[in-house]
Amino acid sequence: MDQRHDPNGFDAVDDDYAQVLQQVRAHELLVFATPLYWYGMSGLMKNFIDRWSQSFRDTSINFKMEMATKRAFVVIVGDDEPEKKALPLVQQFQYIFDFMHMPLVGYLIGNGRKPGDIQKDLNTLENAATWREKLLESESIIRL
């Protein structure tokens, strides 16, 4: 039920969103990792991002302004030509981050269908190691 414009606000949800949001707010770099489910993000990821609408209405924080101070990185693993078929999902994340004024610093798309398959995707593992070094370097620069 869409309650974004309800004058009474959102119904309470008994979940761990508040704790997850607290962790998100504490970090500068956010990694959004999801399997490629039916050529989109997982339901859990979608629910998390949908809940941002609730955070916009929370007057105790300026959620959008806080998120604009963060950087995002996306990791997607899927099957069935994910290097091509996951690109619309990368674009969806880009639109979400653009709305939040949060830069997308990069993304990785891995090939795997079942647990452990990603270990066979040597190109993606190599790219992940390279990105890890880049991101660690940039974190050091930011902290100076």
List in chain and number order the residues that pass side-chain contact (heavy atoms from CB on, under 4.5 Å) with K120, two or more places apart in sequence or in another chain; answer none if no residue qualifies.
D117
Could you tell me which residues satisfy side-chain contact (heavy atoms from CB on, under 4.5 Å) with T130, sequence neighbours excluded, listed by chain and number?
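With sequence neighbours excluded, T130 shows a side-chain contact (heavy atoms from CB on, under 4.5 Å) to K134, given in chain and number order.
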With sequence neighbours excluded, give me every salt bridge (Lys or Arg N to Asp or Glu O under 4.0 Å) pair touching residues 33-45.
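Every pair satisfying salt bridge (Lys or Arg N to Asp or Glu O under 4.0 Å) with a residue in residues 33-45: there are none.
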Partners meeting ring pair (Phe, Tyr, Trp, His ring centres under 6.0 Å) with Y17 (sequence neighbours left out):
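So Y17 forms a ring pair (Phe, Tyr, Trp, His ring centres under 6.0 Å) with F48.
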Excluding sequence neighbours, so at least two apart, what forms salt bridge (charged side-chain N to carboxylate O under 4.0 Å, His left out) with [X]?
X    : value
D58  : none
E81  : K84, K85
K64  : none
K114 : none

Do the side chain of T34 and the main chain of I76 share a donor and acceptor less than 3.5 angstrom apart?
no
Can you pull the ring-ring contact (aromatic ring centres under 6.0 Å, His included) pairs that have at least one residue in residues 117-138, sequence neighbours excluded?
F73-W131
Please list all pairs meeting side-chain hydrogen bond (donor to acceptor under 3.5 Å, both in side chains) that have one or both residues in residues 18-27, counting only residues at least two apart or in different chains.
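Checked against side-chain hydrogen bond (donor to acceptor under 3.5 Å, both in side chains) - neighbours excluded - the pairs reaching residues 18-27 are R25-E66.
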Quick one: side-chain hydrogen bond (donor to acceptor under 3.5 Å, both in side chains) pairs with a partner in residues 102-113, sequence neighbours left out?
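Applying side-chain hydrogen bond (donor to acceptor under 3.5 Å, both in side chains) to every pair that reaches into residues 102-113, excluding sequence neighbours, yields D79-R113.
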Could you pull out every donor-acceptor pair under 3.5 Å between side chains of residues 92-104 and any protein atom, sequence neighbours left out?
residue	atom	partner	partner atom	Å
Q94	NE2	D98	OD1	2.6
Y95	OH	Q91	NE2	2.8

